[in-house]
Amino acid sequence: MASAAITQDEKTNYLNADYGIKSWLLTTDHKRIALLYLISITMFFFLGGFFAMLIRLELLTPAGDLVTSDTYNKLFTMHGIVMVFLFLIPAVPTVLGNFLVPMMIGAKDLAFPKLNLASWYVYMLGGGWVLYAIITGGVDTGWTFYTPYSTTFSNTNVVAAAVGIFIAGFSSIFTGINFIVTIHRMRAPGLTWRRLPLFIWSNYATSVIMVLGTPVLAITLLLVAAERLFHLGIFNAQLGGDPLLFQHLFWFYSHPAVYIMILPGMGVISEVVTCFSRKRVFGYDFVALASICIAVLGFLVWAHHMFVAGISVYAAMVFSLLTFFVAIPSAVKVFNWIATMYQGSISFETPMLYAFGFIGLFTMGGMTGLFLGSLGIDVHVHDTYFVVAHFHYVMVGGMVMAYMCGLHFWWPKITGKMYPEGWAKLSALLTFVGFNLTFFPQFILGYMGMPRRYHAYPPEFQVLNVLSTAGASVLAVGYVLPMIYFVWSLRYGQDAGPNPWRAAGLEWMTSSPPPTSNFETTPVVTWEAYNYDEIDKQQEVPVAS
Amino acid sequence: MWSNLPLFPARASTLAGHVDALYFLLVAVTAFFTILIAALILIFAIRFRKQKHPVAKQIHGSNALELTWTIIPLGISMIFFVWGAAIYFTETRPPKDSMEVYVVAKQWMWKFEHTEGQREIDELHVPEGRDVRLIMTSQDVIHSFFVPAFRVKADVLPGRYTSTWFHATKPGRYHLFCSQYCGTAHSSMVGWVVVMTPGAYQQWASTGTDGSLASTGEKYFQQYGCSTCHRSDSQGRGPNLVGIFGKPVLLDDGRTVVADESYIRESILNPEAKVVSGFKPIMPTFQGQIDEEGLVALVAYIKGLGNGMANPPMPVNNPEKAPYPVPPKPEASQATPSAK
Amino acid sequence: MPASHTAEHASHDLRHHFADMEQQKETATLGMWLFLVTEVMFFGGMFCAYLLYRLDYYTAWVAGSERMNIYLGTTNTAVLICSSLTMVLAVHFAKLGNRKATAIFLILTIVLGLGFLGIKAVEYHEHWVNHEVPGPNFHFEAPKPGASLQYSPKNVEIFFSLYFAMTGLHAIHMIIGVGLLTWLLVRNARGDFSPYYNSPVEMTGLYWHFVDVVWIYLFPLLYLIRHK
Amino acid sequence: MSEHAQPTVKSFFGIWLALLVLTAITTAASFLELGPFNAIVALFIATCKASLVVLFFMEARHLPKITKVVIITALFFLGILLTLTMTDFMTRLLGR
């Protein structure tokens, strides 16, 4: 990170407070750790994206002619593992969360700074291990590692990948513990729970899921590795083991994991929609409560991934009913965002465009979730491209859109520089168009019955697959563009000043980039959350300094 | 270009109609909400843009509105739940008198065994207008029997029978996919389900088999010495199996279990697990001696016992003829377990 | 110790971002309990597998549990309970600032921990000799046809797989615990702890008691399954 | 920790003794033929021992409210994992 040429007086901030590799690799400053995460997460995002492009290229033709079927199986497995465990789960909590949670609650740093640095090292160790698994031959079990294929029939680096994810899981646990303790014990005076920004609420709910869910994935992958290495026959069908036991334990974590991915994104959207509508959020208590409800209900629904796997009819009905309950809080959030815009004073900077995109695409993603939650349809569309389209709508259309929105919204605070507005709007548009072109045809393919993870498919599915690959290339451009102009803005970006958006929130009340200890004096909060009317009034009457 | 762009799967089973109806309702509701949300965003963005509406009116929220958009979506989703559950309930309960086909899934091929004795690979011929029940098991990993045209899918698990059923309505050739990832050639573990008019099916079915599945099962029953203990005339050392299928069986530890295919299969492979009350657990295990096809044949035979050999063995007219219709791919080991 | 010394001594251990010592200890305790929550869910996954297979293959569970050496198991439970006692006394004296007593009880806890691991090693060796370790070496004779307890040896292999998974992971947690205690011993010798700053001792105490609680559940579930 | 009465050494020995006695009881109880009650008794005694350790040795009684909520949440979600998984395995025989 070359230190930006700061035109104002050489004010010390967390970027230029200290120089040298040691000052970065041994830092306990939550802001520097957030930047370390930003770099490593972007690296893994483009690695996963590279795999995605190869998959889309292979699917241009019905016959499997670009890569062999083994390579294709490794491609979609690696795309899944890298994207889910090394990008989607950590992204918003560790990059935006690490940077902003202490600042938004007026604290100097997280409760356990050393644990925070440990979480980055554990993440890199886990990621490195997965990279080792990729380089030395890859894994071909799918990111879901279903037994008995993963334990007895696959002869690829399943153990290496499982250990890599096991280690990276600790990064989630450490971040989760850090956030919960910080939010509980280190809020600024006057900052009651109902004055907290909704970004804090959603990161709190996410941390609860991380702490409660990740260990179950850890033990499940450990047992798979133990079965491969030491013949511990817990999932072994030949010994009378039940393959569905693995699926229960795996999805017990992996469904709440999708809420780990989306909840922080929702928090970003709550911040951005209120800021660019200059209005308090509509129904603050309900949006905050919705985050907690999603976190709790998220743990009750996992077996909707197993409706056709052979579970009993009665269990399927129980989980289908609970799945419809978990959909309601998400709907409440969407309606509240729309109601927030009513009677607002809306401006259309890039973060707001991304927020519009998020609300639209997340609604589509959430509604198609109802298709999969309803038993009758899930039997037909399970493990087809309908499912692929559904979770990409929620993950890429929802979470990545919100991640981009958050990056653009807080980039001035992180670097003190403004990103180029024109290019940013173009990349937002490109992402939206490219995304829809890529994944909407997959709904149609899915209902027609094209199965997931197919290296070759019947010819009648080709036209829609070609459309999807075309969309993927537009989407790729939409993601590369921000990479370029963000780095460009470090050198040539306009100076942002402490609060370019005139946004509410403690993080905007300190300089950009903020000093190492965030605030000269610990702020005292006497106002409600999102008090944009007071902020706009202050702006009109120039404060007699 | 448009000639080869079908946008909707064929509808060839009674189930398909119901699933499609629920699907269209859900598509309509999704379209409604998505358009509603997009329109509201557009309208508010235009009407309340900064230039036209510089001062925002602060509204804290309204509990009434919150309640409405919690209760209404809950109500709507209950419709989807109930309707979906109804379809699922019928889909997982095969009718009693359905025609049975045994399916053995193996890494990267489907083997079908009709009770009349025909054996097929990657191709299943079924008559139109009859309920067909599939009793499936896997020899290695988890596969999944998926026929998009019938809207039917069920995973095939190793070590256990899973079953599904369909009632084909339109003759034709329909895709069969394996939809649970099962390894290298997962994408070529595909096949065809050929629905034929009843007459054509009878004609096809009579093209010679080497005895019905039940008769093959009977051969095994003799060959492995089951008949020495399980006597059909008097009370031997093992329970009399005539007419036992489908009836509840009292076990020695007090539990009662319905003698379905899974119970018979488990009792062959793991006899001590569920010993019938009043009998000593002296049956040796046959694990590793009988393969899946043998098990399927024995289960079919035992099911046939007692109800007058519901599937009488077909007369063997030309034994030297190839037992299968010519399979599309030559399977390496063509060894059919014919004990003749 | 002069009051000024303790006050100044305490301040140097106070992390820069905490208002006072009390807030730092409560924060550390909350963090530790959250970590113990992850441990509960970690072992919870295996208890879920145990519960499922016990319902499915109860007779195999009885057969496997009969091969456990109850006397060693009971002694091990007693050893762990004693180590919990010495641990809580170590924490108690650390809070009073009595470095010598803290050192004694830390050493006692380490010795008891190593004793537990020793007994565990003896049991594992016993299982290895009897061919009860899952894998190629596993051999469990099928029930004699007339015997009242009927089970399939393959299901018993699942029992032993779960036994080694659960007790193995528990043993690993014990080894980590002993390592932490040794590190505490070193810091205590260096005089790092005082009535104002002793949260590392307390946190290690919480961890140690948690590992004891896991064993309190493992012992009856694995060792004490009797035929109806 | 803070202002409440510091637990005395004597109370620790009392708890320690109780735990040893309960261990003896649970081992002895396992030799009796109690049918299904064997498991229930064993689990009940184990829960008593566990709560003794958590409440007294880990001083869960004097923790701030939030930490108590954390402990209860852990048990609640462990319960969810066990019970909801069992809805599948227990009802599988009824189904078909």
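Values in this document were obtained by computation on a predicted structure and should not be read as measured data. Proteins get letters first, then strands, A, B, ... in listed order; numbering begins at 1 in each.
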Open item on the list: Which atoms of A:Leu249 are under 4.5 Å from chain C, going by heavy atoms: the side chain, the backbone, both sets, or neither?
Closed with: side chain
TODO: Measure A:Leu217 against the heavy atoms of chain C and call it side chain, backbone, both or neither at under 4.5 Å.
DONE: neither
Open item on the list: To the closest 0.5 Å, what do you measure between CZ (A:Phe112) and CG (C:Leu30)?
Closed with: 7.0 Å
- [ ] For chain C, find which of A:Val211, A:Leu223, A:Asn178 contributes the most heavy-atom pairs closer than 4.5 angstrom.
- [x] A:Val211
- [ ] Would you mind telling me which of A:Gly240, A:Gly176, A:Ser517 has the largest number of heavy-atom pairs within less than 4.5 Å of chain C?
- [x] A:Gly240
Task: Interatomic distance, C:Leu52 atom CG to A:Ile234 atom CD1 [nearest 0.5 angstrom] - done: 11.0 Å
Task: Residues forming a side chain to side chain donor-acceptor pair (under 3.5 Å) with C:Glu39, sequence neighbours excluded - done: C:His173
Task: Straight-line distance of C:Glu26 CD to A:His184 NE2, nearest 0.5 Å - done: 13.0 Å
- [ ] Please determine, among A:Leu115, A:Ile173, A:Val181, the option with the most heavy-atom pairs under 4.5 Å with chain C.
- [x] A:Val181
Open item on the list: Show the nearest heavy-atom pair for residues A:Val216 and C:Met41, with the distance to one decimal.
Closed with: CG2-O, 3.8 Å
Open item on the list: Rounded to the nearest 0.5 Å, what separates atom OH in C:Tyr57 from atom CG in A:Leu239?
Closed with: 9.0 Å
- [ ] Please look at A:Phe246 and chain C and tell me whether the side chain, the backbone, both or neither of the residue comes under 4.5 angstrom of a heavy atom of that chain.
- [x] neither
Task: Heavy-atom closest pair, residues C:Ala165 and A:Leu232 - done: CB-CD1, 4.0 Å
TODO: Could you check which of A:Ile180, A:Thr522, A:Leu245 has the highest count of heavy-atom pairs closer than 4.5 Å to chain C?
DONE: A:Leu245
Task: Which atoms of A:His248 approach chain C - backbone, side chain, both or neither, heavy atom under 4.5 Å - done: neither
TODO: Nearest 0.5 Å please: distance from the CZ atom of A:Arg185 over to the OG1 atom of C:Thr29.
DONE: 8.5 Å
- [ ] Locate the shortest heavy-atom distance separating C:Ser161 from A:Gly233; write the atom from each residue and the value.
- [x] OG-N, 2.9 Å
Open item on the list: Can you give me the closest heavy-atom contact between A:Ala218 and C:Phe42, atom names plus distance?
Closed with: CB-CE1, 3.8 Å
Open item on the list: When you measure from the side chain of C:Tyr53 to the backbone of A:Asp242, do you find a donor-acceptor pair of N or O atoms at a distance under 3.5 Å?
Closed with: yes
Task: Contact class of A:Ala226 relative to chain C, heavy atoms under 4.5 angstrom - done: neither
Open item on the list: Less than 4.5 Å to any heavy atom of chain C: does that hold for the side chain of A:Glu227, its backbone, both, or neither?
Closed with: neither
Open item on the list: Could you measure the distance from the CD1 atom of A:Ile219 to the CG atom of C:Leu169? Nearest 0.5 Å is fine.
Closed with: 5.0 Å
TODO: Side chain from CB out, backbone as N, CA, C, O: work out which of these in C:Phe35 comes under 4.5 Å of a heavy atom of chain A, or both, or neither.
DONE: both
